[in-house]
A.B. asks: 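Following this message is one structure expressed as C-alpha cells.
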Amino acid sequence: MRQTDMIITYIKEKCVFGEMIEAIQNGDNPGIQAGEIQKHFGILRNNASSILNSICKDGGLVKINSRPVTFLPHEVTCRMCEKYGIEEKNMYTLAELQEKISDRQMEMEDPFMRLLGCNSSLLYQIRQAKAAIVYPPRGLHTLLLGESGVGKTTFAQAMHAYGLLANNKNISEYPFITFNCADYFNNPQLLLSQLFGHAKNAFTGAEADKKGLVEQADGGILFLDEVHRLPPDGQEMLFYLMDKGEYNRLGDGNKRKSNILIIAATTENPSDVLLNTFMRRVPVNIILPNYKEKPIAEKVEIIEQFFRFEAMNLQKTINIAPEVLRALALYEFKGGNIGQLRSEVKLLCANAFLQHLQNNQAIYVGYQMLDKDIRDILFNYVKMDKTATRYLDMFSEDIAIQPQENTGIMSDEVENDVYDIILDKLKKLKQQGGNVENITDVLKNEIDAYLSSVNKYFSNLHSKIINLHKLVPKEVIDTTMQFIEYAREELKVNFNNYFLFGLSMHIQALIKRAGRISAGDDKHLFKIKTEHPDEFKVAEKMVEMLSDKFGMIVPENEKGFIALLLYHSRVEADSKKIGMIIICHGDSTASSMAGACNALLNTDLVKAVDMPLNQSIDETYGKLKAMALTISKGKGIILLVDMGSLLFFDKRLTADTGIKTKLVKSVSTPAVLDVLRHVLYDMDDIDEVYAQKNNQQEETAATVKRKPLAVLAVCATGQGSSMIIKNMLDELLEKYYTDSIKVIATDYVNAREVFEQSGEYSYVAAVVGNIDPQLPVPFFPIDQLLQEQTQQIFFHLLDGNMEGPFSLPEPLQMPTLYETAKGLLEKYVKFVNPRHAIFQIRNFVEAINYSDKNKSMVLDLVLHMGCVLDRCVGGISITFDDFDEFHLKHKELFKRVHKVLQPIEEDYNVKVSDAEVAYIIKIITTHI
C-alpha cells in the first residue's frame with residue numbers, strides 16, 4: 001500500500017466523528033497534526049506536512065487552519081456539514097466551526113423549532129416573534145391574528161419559552177400569565193378586576209384587596225386571548241399601561257408600576273373590534289396561517305404528530321390506513337382548523353381503541369371510521385392539486401405510529417450514504433476474489449440492510465418530514481417524488497412508505513460524490529439487469545433524468561443500485577387484483593355490505609358508493625368515477641349494483657376512463673362474497689369472474705320478460721299543459737333512460753282508461769300533471785317536479801318501481817303560479833313570447849273570475865292558454881270531439897269566453913277557434 005493511502009487510513013481510524021465535535025465544542029482543534037504523522041510513520045516533519053497538504057488539495061482531507069494546524073478526513077467534515085448546516089470547503093478555522101455548531105445547537109434548543117411548520121408555513125412569523133421578544137428594552141407588544149384553532153396560544157407559549165432562553169431567566173423571573181377575555185365578557189367590572197386587581201370595597205363583594213394579572217405578570221408576558229372581548233375602557237387602561245408602565249387597581253387611586261410585555265390574540269379583524277389608540281401601541285401583528293394554507297408535507301407532519309400524542313397516551317402502537325392520512329390532509333376543516341383536526345384524531349383513536357378492547361386485535365384506524373364529509377373528499381382525489389396527491393401517494397401502506405417520543409434531529413448511528421456501504425463492500429469482495437454472482441447477492445443483502453436502517457431511523461422520529469428536509473435539500477426531495485411517481489406508473493406497483501426517505505438520501509449522496517465515484521467493475525450489473533429487467537429499465541431512465549436535472553455525469557453502476565432499490569422497496573399486496581365496487585340506493589346500504597364482506601374475508605378490496613335518495617345520478621356517477629380511477633390496477637373493475645339507472649354505469653365508466661368494467665346486478669351480500677372469493681383466491685381474469693357469476697344468475701333468473709316503463713302526463717284537456725309536461729319529461733328522462741321509458745299524454749277524464757290500456761304493454765310507474773287522477777301509482781305535481789330534490793325521488797322511483805307509501809320532500813320556497821307558468825312556457829312554446837303573453841293570460845283568468853281552490857287547476861289553465869296562443873300564432877288548428885253537443889251544453893259560457901278573449905285576439909291579431917274555446921271551457925268546468 002502506498003504511503004499516502006496508509007496516512008489516509010490512519011487519519012480515518014483516529015478521527016471519530018463524535019470525538020471531533022466534542023473537541024470543537026471544548027475549543028480544541030479537531031483532527032491530526034503533522035507532528036503526529038511524523039512520529040507514527042517515522043518521516044521528517046516537513047515531508048509529513050507536505051503530504052498532508054497534498055492530500056488536502058486532492059480532496060481526501062480538510063484543513064483546520066488554526067494553531068496548531070490539523071487535518072480531518074473529508075467524510076467527517078461532510079457529515080459535519082450535513083448535520084450543522086455548514087458550507088462545504090477544503091479549509092476552516094476553529095472559531096468558524098465553533099460558531100456554526102453553536103448556532104445550530106442553539107437552533108436545536110430553540111422552542112420555536114418544536115412548532116410544526118417552523119421551517120415552512122411559520123418561518124416568517126417566527127422571525128417576527130423573535131424580533132419582538134428580543135427588541136430592547138423589554139420587547140415589542142404583539143397581536144396574534146388567525147382563525148379559531150390555528151394555534152395562537154401555542155405560538156404565544158413558544159414566544160415566552162424563547163424569551164426565557166434569550167434573556168437567560170427562569171419562570172419566576174419571567175412569568176407567563178394567560179387570560180381569556182371572553183370568560184368575563186358579560187361582566188366588564190369583574191373582567192377589569194381580574195386584569196388590574198381591586199381595592200377593598202371597590203364594588204359590592206370586594207371584601208379585600210386583590211392582585212390583578214398585570215401585577216402577577218410583572219417582568220414577563222401577559223397573554224390576552226380573544227382580546228376583542230375587552231371593553232373599550234379596559235383597552236384604554238391597557239394602552240395607558242403600555243405607554244407609562246403604570247396602572248390603577250379598581251377603586252384605588254395609587255399608581256402602580258408593571259414591566260410587562262403584552263401578547264394579545266383575536267380571531268376578528270382588529271380594525272373592526274379594537275380601538276385605534278390601542279392598535280397604535282401594538283407594533284407587531286403576526287398572522288398565523290390556517291390548516292388549508294399549509295403545505296401538504298406539513299399537514300402530514302401535523303396529523304402524524306397528533307396520532308403520536310394518542311399513541312403515547314395509550315402506550316400502544318396505532319396503525320392508520322393510508323386513505324385516512326390522505327383524507328385528513330386534504331380536508332379543509334373550515335372553522336375548526338388544526339383544533340378540529342386534533343379532535344377528529346382523538347375521536348378516531350377512541351373508536352379504534354374501543355374496537356381493540358372488543359376484538360383484542362391491533363389498534364387500527366380504518367377509512368370507514370372517518371366522518372362522511374371527510375371520507376367524501378377522496379372522491380375528487382384525481383382532480384386535486386398534483387403536488388399534494390403526488391406527495392400523498394408516497395404513503396401506500398398502513399402507517400404504524402409508535403408511542404416512543406424521540407425529538408432528535410440526527411442520529412450518529414445512521415449511515416445516510418449508501419455508497420459508503422456498497423463500494424467498500426465491493427472493494428473487499430473483489431480483493432477476496434469473489435465471483436459476480438456472489439457479489440450481486442451480497443449487494444442485495446447490503447441494500448436490504450441499508451433500507452432497513454433508514455426505515456428504523458425514521459420510524460423512531462415523530463417528525464419524519466422535517467428531519468428529512470434537514471438531511472436533504474427540498475429540490476432533491478421534489479425530484480425524488482417525481483422519480484417515484486414515474487416508477488409507480490411504469491412498473492404498476494406501489495412502494496413502501498419509507499422509499500421516499502431511502503431514495504432521496506441515496507440521490508443526495510450521489511450528487512455530493514459527483515466526479516469522485518469510481519465507475520469500477522460493472523460485471524455484476526449484467527446479473528441485476530437479467531433478474532430485474534423492468535426495474536433496470538426504469539433505473540436507466542431515472543439516471544438519464546438525474547444527469548439532465550443536476551448537470552452531472554452519473555456512473556454506470558448507478559443503474560444497478562437504483563434497480564435494486566426499486567425492487568426491494570415495492571409493495572406486493574393486492575395491488576394487481578381486480579377492483580370491486582358496490583353501488584346501492586340508500587344512505588349506507590353499499591357501505592354496510594362492503595364492510596361485512598371485507599371483514600368476513602379479511603381484506604379491504606371491496607369499495608362502496610352509497611346513493612342516498614337526495615343524491616343525483618350524476619353525483620353518484622362522479623363518485624364512482626373518482627373511486628374507480630383511484631383503485632384501478634389494470635385488471636378491470638366489477639360493479640355490483642342493485643337496480644335502475646345504475647345498470648348503465650358500466651358502459652359509461654368504460655367509455656369515460658378506458659377501464660374494463662363488468663356489471664353484476666341484483667346485488668346481495670352472498671353475491672358479493674361469491675365474487676370476492678373468486679377475485680381473492682382462484683381467478684385473475686375479469687372475464688372469467690364475470691362469466692362464472694353470469695352463469696349462476698342465468699340459472700336462477702326468472703324467464704318472464706319485464707314490461708317497459710311508462711309515465712302518464714295528465715292535464716284537464718290533454719291538449720295543453722300535458723304536452724308541456726310530456727316535453728319536459730322526455731327531456732329529463734332522455735339523459736338517463738334513453739328510449740326505455742315512454743311518456744303518454746292524456747286528459748284528466750280519460751286518465752284511468754289510458755292507464756288500464758297502457759298496462760297491457762307497459763308498466764306505468766308514475767303520473768305527472770296538474771290534476772291528480774287518483775290512480776294506483778304515485779302522483780307528482782308539475783310545479784314540485786321542477787325542484788331538483790323532487791326530481792331525485794322521481795328518478796329513484798323509476799329505478800326501483802317503488803311501491804307502497806312514499807313522501808315528497810317539503811316544497812321549497814316556490815315561485816308564484818304565473819312565474820312557474822312563464823318558466824315552462826319559455827322552454828316549450830315556439831311562436832309567442834311568454835314574458836308578454838303571461839300578462840294577457842293573467843287578465844283573461846281574472847276577467848272570467850276563475851279562482852278554483854285547487855291552484856294546480858289554475859296553473860293548468862294558464863299553461864293551456866299559453867299553448868292556445870302558440871297554436872293560433874303558429875297557424876296550428878285542432879279539433880274537438882262532439883263539439884255540437886258540448887257547445888249546446890255551454891252556449892252562454894262560449895259567449896262569455898269569446899268576449900273576454902277579444903283583447904288577446906286584438907293584441908296578437910289572431911282569431912281563437914271554437915275548438916280552442918271548447919277546450920278552455922272544459923278546464924273551467926272540470927271539478928276535482
Side-chain angles (χ1 to χ4, degrees), residues 4 7-9 11-25 28-33 51-66 69-108 119 409-412 414-424 454 466-480 501 503-518 546-547 549-555 558:
T4 300
I7 291 174
I8 292 175
T9 302
I11 294 176
K12 283 183 177 180
E13 290 174 353
K14 297 288 287 184
C15 294
V16 179
F17 179 80
E19 293 177 0
M20 297 301 100
I21 298 298
E22 186 177 352
I24 294 169
Q25 290 172 330
D28 298 329
N29 269 22
I32 302 299
Q33 301 176 35
I51 292 172
L52 290 172
N53 280 294
S54 177
I55 298 172
C56 183
K57 185 177 180 180
D58 292 338
L61 297 175
V62 172
K63 189 175 185 178
I64 310 301
N65 195 23
S66 298
V69 174
T70 55
F71 295 85
L72 283 172
H74 181 267
E75 289 80 359
V76 170
T77 56
C78 278
R79 196 167 173 183
M80 193 184 301
C81 291
E82 287 179 0
K83 180 167 183 175
Y84 296 105
I86 303 171
E87 181 187 355
E88 280 196 45
K89 299 189 298 184
N90 61 2
M91 186 170 64
Y92 300 92
T93 65
L94 175 61
E96 183 180 5
L97 292 177
Q98 279 184 306
E99 181 183 359
K100 294 290 185 181
I101 292 174
S102 176
D103 287 347
R104 179 52 66 93
Q105 287 188 325
M106 173 71 173
E107 185 179 299
M108 291 174 178
N119 287 311
I409 301 301
M410 276 287 292
S411 170
D412 292 339
V414 178
E415 179 56 74
N416 64 1
D417 189 342
V418 70
Y419 287 106
D420 280 345
I421 302 169
I422 295 175
L423 295 178
D424 287 349
V454 171
I466 191 172
N467 283 280
L468 180 61
H469 276 278
K470 290 187 176 182
L471 292 172
V472 181
K474 182 178 184 299
E475 183 183 21
V476 174
I477 296 173
D478 292 344
T479 302
T480 306
F501 304 99
L503 184 58
S504 60
M505 291 169 69
H506 173 77
I507 291 173
Q508 172 68 357
L510 172 66
I511 293 170
K512 287 194 171 186
R513 289 174 172 264
R516 298 201 303 271
I517 304 175
S518 171
L546 264 176
S547 298
K549 176 75 175 177
F550 296 102
M552 62 183 192
I553 299 174
V554 182
E558 177 63 23

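Sequence positions, counted from 1, serve as the residue numbers for this chain.
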A.B. asks: I want to check something: taking the side chain as every heavy atom from C-beta on, are I8 and P73 in contact at a cut-off of under 4.5 Å?
C.D. replies: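 I8 vs P73: side chains apart.
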A.B. asks: Can you tell me how far NZ of K14 sits from CE of M20, rounded to the nearest 0.5 angstrom?
C.D. replies: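 Interatomic distance, M20 CE to K14 NZ, rounded to 0.5 Å: 9.0 Å.
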A.B. asks: Taking side chain as C-beta onward, heavy atoms only, is K12 less than 4.5 Å from V76?
C.D. replies: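 No. Closest side-chain heavy atoms not under 4.5 Å.
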A.B. asks: Give me the atom names and distance for the closest heavy-atom approach of C56 to F71.
C.D. replies: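 Scanning both residues, the minimum pair turns out to be CB-CE2, 4.3 Å.
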A.B. asks: Atom CD1 of I11 and atom CD of E75: how far apart are they, to the nearest 0.5 Å?
C.D. replies: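 Output value for this atom pair is 11.0 Å.
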A.B. asks: Checking S54 now: which residues fulfil side-chain contact (heavy atoms from CB on, under 4.5 Å) with it, not counting sequence neighbours?
C.D. replies: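 side-chain contact (heavy atoms from CB on, under 4.5 Å) list for S54, sorted by chain: D58.
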A.B. asks: How many angstroms lie between NZ in K63 and CD1 in I55, if you round to the nearest 0.5 Å?
C.D. replies: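 Reported value, rounded in 0.5 Å steps: 13.0 Å.
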A.B. asks: Could you tell me if the side chain of I64 sits less than 4.5 Å from the side chain of P30, heavy atoms only?
C.D. replies: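 Yes - at least one pair of side-chain heavy atoms lies under 4.5 Å apart.
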A.B. asks: Over all heavy atoms of both residues, which pair between H74 and E88 is shortest? Give the atoms and the distance, please.
C.D. replies: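 Scanning both residues, the minimum pair turns out to be NE2-OE1, 4.0 Å.
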A.B. asks: So which heavy atom on N65 is nearest to which on V69, and how close?
C.D. replies: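 Smallest interatomic distance, heavy atoms only, reads OD1-CG2, 3.9 Å.
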A.B. asks: Please output the side-chain donor-acceptor pairs of residues 90-97 that fall under 3.5 Å, not counting sequence neighbours, one pair per line with the distance.
C.D. replies:
| residue | atom | partner | partner atom | Å |
| --- | --- | --- | --- | --- |
| Y92 | OH | E87 | O | 2.6 |
| Y92 | OH | K89 | N | 2.9 |
| T93 | OG1 | E96 | N | 3.1 |
| E96 | OE1 | T93 | N | 3.4 |
| E96 | OE2 | K89 | NZ | 2.8 |

A.B. asks: Would you sort out whether I507 and T479 count as a side chain to side chain contact (heavy atoms under 4.5 Å, CB included), showing the intermediate values?
C.D. replies: CA-CA 9 Å; I507 291 173; T479 302; 5.6 Å; no
A.B. asks: Would you check, one step at a time, whether the test side chain to side chain contact (heavy atoms under 4.5 Å, CB included) holds for E475 with K549?
C.D. replies: CA-CA 10 Å; E475 183 183 21; K549 176 75 175 177; 3.7 Å; yes
A.B. asks: Go through the structure and list residues passing side chain to side chain donor-acceptor pair (under 3.5 Å) with E22, not counting sequence neighbours.
C.D. replies: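 For E22, no residue satisfies side chain to side chain donor-acceptor pair (under 3.5 Å) once neighbours in sequence are set aside.
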A.B. asks: With a 4.5 Å cut-off on side-chain heavy atoms, are L72 and L61 touching?
C.D. replies: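 Heavy-atom side-chain distance check fails, nothing below 4.5 Å.
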A.B. asks: Indicate yes or no for a side-chain donor-acceptor contact from Q33 to the backbone of T70 under 3.5 Å, with no hydrogens or angles considered.
C.D. replies: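 Such a contact is absent between Q33 side chain and T70 backbone.
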